[in-house]
Amino acid sequence: MDGRDTIAALATATGPGAVTILRLSGPGAFSILARLCPGPSPAPRELVLRPVIDPATGELIDRALVVRFPAPASFTGEDVAEIQAHGGALLADALLSAALAAGARAARPGEFSRRAFEGGRLDLAQAEGLAELISAGSEAGLRAARALFGGELSREVGALLERLEGLQARLEALIDFPEQSGALDEEALARDLAALRARLGALHRSHAEGRRRREGARVLLVGAPNVGKSSLFNALVGHARAIVHAEPGTTRDAVEGRLELHGLGVTLVDSAGVREAPGEVEAEGVERTRRALEAADLILWVQDLGEEAPADPATAQLLGQVGEGQRILPVGNKRDRAGEGASHPLPVSALTGEGLGALREALAGALGAAGEGSGGEAGVVLTLARHEAAAGIALEALEQAEALRAAGGGLDALSEELGEARRQLAGILGRIALPEALLDRIFGDFCLGK
Ligand code: GDP
C-alpha cells in the first residue's frame, strides 16, 4: 500500500442529524487526525473525546469522539480514523474542509470499499453485497444482500473453484508426466465432471429466485377487457395509477406498481387488453403483453363473475403461451355482482374490497411456492446479473468439457475448458485481474464515504 494517499469522506448523510462521521483511510490517517484533534494518541479502537481544530485558522470546530483502527484490522485494511462530531450540514462541511487542509484527499464514491477489496478485506462479491445492503428495497432483498455480504456465495463459488482446480491439476499431471501419473480413470473423470456441472447448474438456475428476492416477483394481470384488471391493480397497489374505464380496451400501456407481501417485493403489471383490435396502438399493446408475459413469475388470470363469461379466445391464446415454470392463478372478480350459486375458488370484488385479503394470501403462497426448491447447494442463490452471466459461461465451459470427454477429445482441450470455467468463477470473487472499467462501474455505484 506504499505510495497511496489518504482519503477522507463524510460517512453519514449530510443534513440535520445527531452525528456527522468523518472517515479517513490511508498511511497519513493518524497524522492528519493528530493535526485535527490535538492530544495524546488514543489506544486502538477506543473512543476518546477531543477538540477538533481547523488547522488553517487554529479555530475550534467542535468537540468530537475520535477512534483509530490501525492497519490491518480496519475496514479498508489501511490505517483508518473516524471523527464523530455533531450533526449539521455546515459543521460537516467545516470538518471535511479541515481534513482536506490537513492533507487528505476527498474520496471518490465507493473508494473505501474498493480499498477494502484491494486490501483483501472483502472479495468482490462481498463488496457488491455491501452496496446491495445499502440499496435493498424489501425484506427479501435485504436478506439476500446480507447473505452476499456475509460471504455465502463466496463460499459456494470458492468450493466450486477448489474442485475445479483439483480436477485440472490431475489433468495437467497426466499431460505433463504421463508415465508417473498412470492411466486416466475415465469413469472417475466423467463422474467428477458431472457432479461439478450439476452443482454449478443449480447455482446458475438459482438466479431466477435470486432476482425475485432482489427485485421482487413480477405478477402480470391478464384477462378479457372490462373484467376489472385495472380496478384490481389499484385495489392491490393501493392508489389509482392504472386507468379505469368502462369502455373495453382502454388500458393501452402496461402499468406497474409495487407492493410487499410477507416481506417479498412484488411488481404488479397491468397488461394492455389482449383483444385483437383494429387500431395500431392496440396491436402494440398486445405485443407488450406478450413480452410482459415472458418476464412474469406469476400470471394472475382475472375472470368476471358478474356475467355469463363470454368466450375469450385472446386470453386463452395468451395463457397457451405461458412458459414452463410459470404459474397461473385464476381470480374471479366482481363477486358483488355474481348471482346465487356462482362459484369460484378465489372470489373477490375490486369494487367492495371483498376477498382481497384472501387474494394477497394466495399470491404470497403461490410466489413462495414458486421459489421453493430452487437455489444451489445450501440454498445459495445468485442475485446479481454479473454473477449469473459469469456462472452461465462457466457452465457452458463445463458442458463443453463433458462433451469433449465423451467424444474422446484430447486432455489439453479439456483442461482449457476447465480453465475457462475457473476464470469465470474467479471473476465473480475478483480473484483475477478484472477490467478497470468494470471495477469503476461496480464501486462507482456506491455512495460517497462507503
Ligand atoms: P379492465 O379493462 O379489465 O382493466 O377493467 P376495469 O378495471 O377498467 O373495469 C371495467 C369496469 O368494471 C369498470 O366500470 C369498473 O368500475 C368495473 N368493475 C371492476 N371491478 C369491479 C367489481 O369488483 N365489481 C363491480 N360491480 N364492478 C367492477
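Read the numbers this way: they start at 1 and go in the same order the structure lists the ligands and their atoms. It should be emphasised that the depicted structure is a prediction, and the values quoted were computed from it without experimental measurement.
- Applying the 4.0 Å criterion to heavy atoms of Ser231 picks out, from ligand 1, the atoms 6 (P), 7 (O), 9 (O), 15 (C), 19 (C), 20 (N).
- Between the side chain of Lys229 and the backbone N or O of Val302, no donor-acceptor pair lies under 3.5 Å.
- Below 3.5 Å of separation, one finds no N or O of Arg335 facing any N or O of ligand 1.
- A donor-acceptor pair under 3.5 Å is absent between the side-chain atoms of Thr76 and the main chain of Phe112, judged by distance alone.
- We find that Arg114 and Glu111 are not joined by a salt bridge, their nearest charged nitrogen and carboxylate oxygen being 4.0 Å or further apart.
- Heavy atoms of Asn333 found under 4.0 angstrom from ligand 1 belong exclusively to the side chain.
- With a 4.0 Å cut-off on non-hydrogen atoms, Arg337 touches ligand 1 through its side chain and not its backbone.
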Please table the atom pairs, donor to acceptor, closer than 3.5 Å between any side-chain atom in residues 384-399 and protein atoms at least two apart or in another chain.
from, atom 1, to, atom 2, distance (Å)
Arg386, NE, Glu128, OE2, 2.8
Arg386, NH1, Gly427, O, 3.1
Arg386, NH2, Glu128, OE1, 2.9
Arg386, NH2, Ile428, O, 2.9
His387, NE2, Glu128, OE1, 2.6
Glu388, OE2, His204, NE2, 3.0

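- Between Asp336 and ligand 1, a contact under 3.5 Å exists for at least one N or O pair.
- Remark: among candidates Gly355, Ala350, Gly228, Pro225, the nearest residue to atom 6 (P) of ligand 1 is Gly228, based on non-hydrogen atoms.
- Ligand 1 places these atoms under 4.0 Å from at least one heavy atom of Ser349: 22 (C), 23 (O), 24 (N).
- Partners of Ser415 under the side-chain contact (heavy atoms from CB on, under 4.5 Å) rule, at least two apart in sequence or in another chain, are Gln168, Leu171, Glu172, Ile175.
- Ion pairing between a basic and an acidic side chain is recognised when a charged N comes within 4.0 Å of a carboxylate O; Glu402 and Arg405 show no such pairing.
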